[in-house]
Amino acid sequence: MKKLTREERRSQRRLQLITYLLFLLLLLAWLLSYTAMTVAAELPAMYKPEPATQDGSLPGDDTPALVRCYLTEAEQEAAENELIEAALLSHAVRLDDVTVTHYCTCSRCCGKSDGITASGRRATPGVSVAVDPSIIPLGSDVLVDYGDGELHYMRADDTGSAVKGAHIDLCMESHEAAIQAGVRTATIYFIEEGAI
């Protein structure tokens with residue numbers, strides 16, 4: 001291989017630089033012409049936005065845009081509650097025709113007035129329920145269905161001398177409320193503590 005002179009090397013570099021510049025110029029010309037063609041070209045029908053009709057719906061849409069297509073918070077919560085109830089009921093033991101009576105934390109109902117239940121928890125009106133622990137274990141979640149389409153959630157916190165067999169005694173906020181609630185019959189579901 002022959003050694004090139006300084007002048008020959010400079011000439012070769014100039015030729016390479018001119019070649020690179022011409023390539024870049026051609027690439028830039030192609031890019032500009034491609035951009036001009038795509039901007040001027042009409043979009044295919046599948047990419048054209050369809051104009052909205054007067055009622056706010058799009059052509060071919062059977063649901064007007066003004067109608068909500070999602071659940072409200074209340075509807076979401078109701079749907080979640082249904083799923084939770086279904087999961088609980090799938091693990092629950094069912095007792096039919098259970099007698100439901102009512103008590104309060106006064107000394108007339110309990111023989112004491114400290115409000116402490118057999119489980120050691122404080123009696124909570126509308127939540128605590130006295131059970132026969134040989135039927136429903138203490139600490140179980142108790143769901144009461146009076147047949148009104150709603151499940152009432154309670155907890156087996158207490159026992160009572162008169163609560164035997166298919167009988168529960170629901171804690172109320174006052175003695176008058178307990179008397180007024182009277183005696184009812186319901187279907188009971190219970191889930192032992194830690195079963196789920």
Side-chain angles (χ1 to χ4, degrees), residues 55-58 61-196:
D55 68 351
S57 65
L58 295 175
D61 187 7
D62 59 352
T63 306
L66 302 175
V67 176
R68 292 188 119 147
C69 298
Y70 56 92
L71 298 175
T72 63
E73 284 186 39
E75 291 169 330
Q76 267 183 331
E77 188 171 338
E80 287 173 8
N81 287 342
E82 282 182 35
L83 292 174
I84 292 168
E85 283 180 4
L88 286 173
L89 292 176
S90 70
H91 292 87
V93 176
R94 178 182 172 147
L95 299 173
D96 290 315
D97 300 321
V98 176
T99 303
V100 180
T101 56
H102 303 84
Y103 76 102
C104 71
T105 58
C106 75
S107 58
R108 286 185 285 178
C109 289
C110 298
K112 60 181 185 165
S113 59
D114 64 357
I116 303 300
T117 63
S119 64
R121 293 183 175 122
R122 182 166 295 283
T124 308
V127 175
S128 297
V129 67
V131 298
D132 181 348
S134 67
I135 306 290
I136 302 174
L138 286 176
S140 297
D141 290 320
V142 178
L143 291 81
V144 181
D145 182 2
Y146 291 111
D148 59 0
E150 190 175 329
L151 287 175
H152 304 270
Y153 293 85
M154 295 162 201
R155 186 180 55 232
D157 284 342
D158 209 355
T159 60
S161 59
V163 180
K164 300 289 180 219
H167 178 196
I168 64 171
D169 204 9
L170 174 60
C171 181
M172 301 295 281
E173 59 277 348
S174 69
H175 191 75
E176 293 75 30
I179 291 171
Q180 189 175 17
V183 178
R184 298 178 75 178
T185 302
T187 300
I188 304 296
Y189 301 89
F190 71 89
I191 303 104
E192 288 189 48
E193 190 173 30
I196 296 181

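Note that this is a predicted model, so its numbers are computed, not measured.
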A.B. asks: Within a strict 4.5 Å, meaning less than it, do heavy atoms of the Val93 and Ile136 side chains meet?
C.D. replies: no

A.B. asks: Please round to the nearest 0.5 Å and tell me the distance separating atom CD1 of Ile179 and atom OG1 of Thr101.
C.D. replies: 12.5 Å

A.B. asks: Does atom CD of Gln76 have more than 12 heavy-atom neighbours, drawn from other residues, nucleotides or ligands, at distances under 6.0 Å?
C.D. replies: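 More than 12 within 6.0 Å, yes.
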
A.B. asks: Measuring only between side-chain heavy atoms, which start at C-beta, is Asp158 closer than 4.5 Å to Val163?
C.D. replies: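 With C-beta onward as the side chain, the pair stays apart.
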
A.B. asks: side-chain contact (heavy atoms from CB on, under 4.5 Å), that's the test. Do Phe190 and Val131 meet it? Break it down for me.
C.D. replies: CA-CA 11 Å; Phe190 71 89; Val131 298; over 6 Å; no

A.B. asks: Do the side chains of Thr187 and Arg94 get nearer than 4.5 Å, heavy atoms only?
C.D. replies: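 Of all side-chain heavy-atom pairs linking Thr187 with Arg94, at least one is under 4.5 Å.
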
A.B. asks: Would you say Arg121 and Arg155 make side-chain contact, with heavy atoms under 4.5 Å?
C.D. replies: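 The answer is yes, as the side chains (C-beta and beyond) meet within the 4.5 Å cut-off.
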
A.B. asks: Just so I know, are the side chains of Glu193 and Ser140 near enough to count as touching, which here means a heavy-atom distance under 4.5 Å?
C.D. replies: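 When only atoms from C-beta onward are counted, Ser140 and Glu193 do not touch, as no gap falls below 4.5 Å.
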
A.B. asks: Closest heavy-atom contact between Pro137 and Ala156?
C.D. replies: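 Closest pair (atom of Pro137, atom of Ala156, distance): O-CB, 3.7 Å.
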
A.B. asks: Within the side chain of His102, is there an N or O that forms a donor-acceptor pair under 3.5 Å with the backbone of Leu170?
C.D. replies: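 Here the side-chain-to-backbone pair does not exist.
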
A.B. asks: Hey, does the side chain of Thr117 reach the backbone of Asp157 with a donor-acceptor pair shorter than 3.5 angstrom?
C.D. replies: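 Answer holds: yes.
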
A.B. asks: Does Ile116 form a side-chain contact (heavy atoms from CB on, under 4.5 Å) with Arg122? I'd like the steps, not just the answer.
C.D. replies: CA-CA 4 Å; Ile116 303 300; Arg122 182 166 295 283; 4.1 Å; yes

A.B. asks: Measuring from Thr185:OG1 to Asp96:CG, what's the distance to the nearest 0.5 Å?
C.D. replies: 11.0 Å

A.B. asks: Closest approach of Asp145 and Ala186, non-hydrogen atoms and distance?
C.D. replies: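 So the minimum-distance heavy-atom pair works out to O-CB, 3.4 Å.
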
A.B. asks: Is there side-chain contact between Ile168 and Val144, with heavy atoms separated by less than 4.5 Å?
C.D. replies: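 Of all side-chain heavy-atom pairs linking Val144 with Ile168, at least one is under 4.5 Å.
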
A.B. asks: Work out which heavy atom in Ala123 is nearest to a heavy atom in Thr105; give both atom names and the distance.
C.D. replies: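 Between these two residues, the closest heavy atoms are CB-CG2, 3.5 Å.
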
A.B. asks: So do Pro133 and Thr159 actually touch side chain to side chain, heavy atoms under 4.5 Å?
C.D. replies: yes

A.B. asks: Nearest 0.5 angstrom please: Glu77 CD to Glu75 CD, how far?
C.D. replies: 12.0 Å

A.B. asks: Which heavy atom of Ala178 sits nearest to which heavy atom of Cys104, and what is that distance?
C.D. replies: CB-N, 4.3 Å

A.B. asks: Look up atom CE in Met172 and atom SG in Cys106, then write down how far apart they are to the nearest 0.5 Å.
C.D. replies: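 One gets 13.0 Å once the value is rounded to the nearest 0.5 Å.
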
A.B. asks: Can you measure from OH (Tyr153) to CD1 (Ile84) and round to the nearest 0.5 angstrom?
C.D. replies: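 The OH atom of Tyr153 sits 7.0 Å away from the CD1 atom of Ile84.
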
A.B. asks: Can you tell which of Leu95, Val129, Val98 makes a side chain to side chain contact (heavy atoms under 4.5 Å, CB included) with Val142?
C.D. replies: Val129

A.B. asks: Which distance, rounded to the nearest 0.5 Å, do you find between the CD of Glu173 and the OG1 of Thr124?
C.D. replies: 12.0 Å

A.B. asks: Of all the heavy-atom pairs spanning Ala162 and His167, show the shortest one and how long it is.
C.D. replies: O-ND1, 3.2 Å

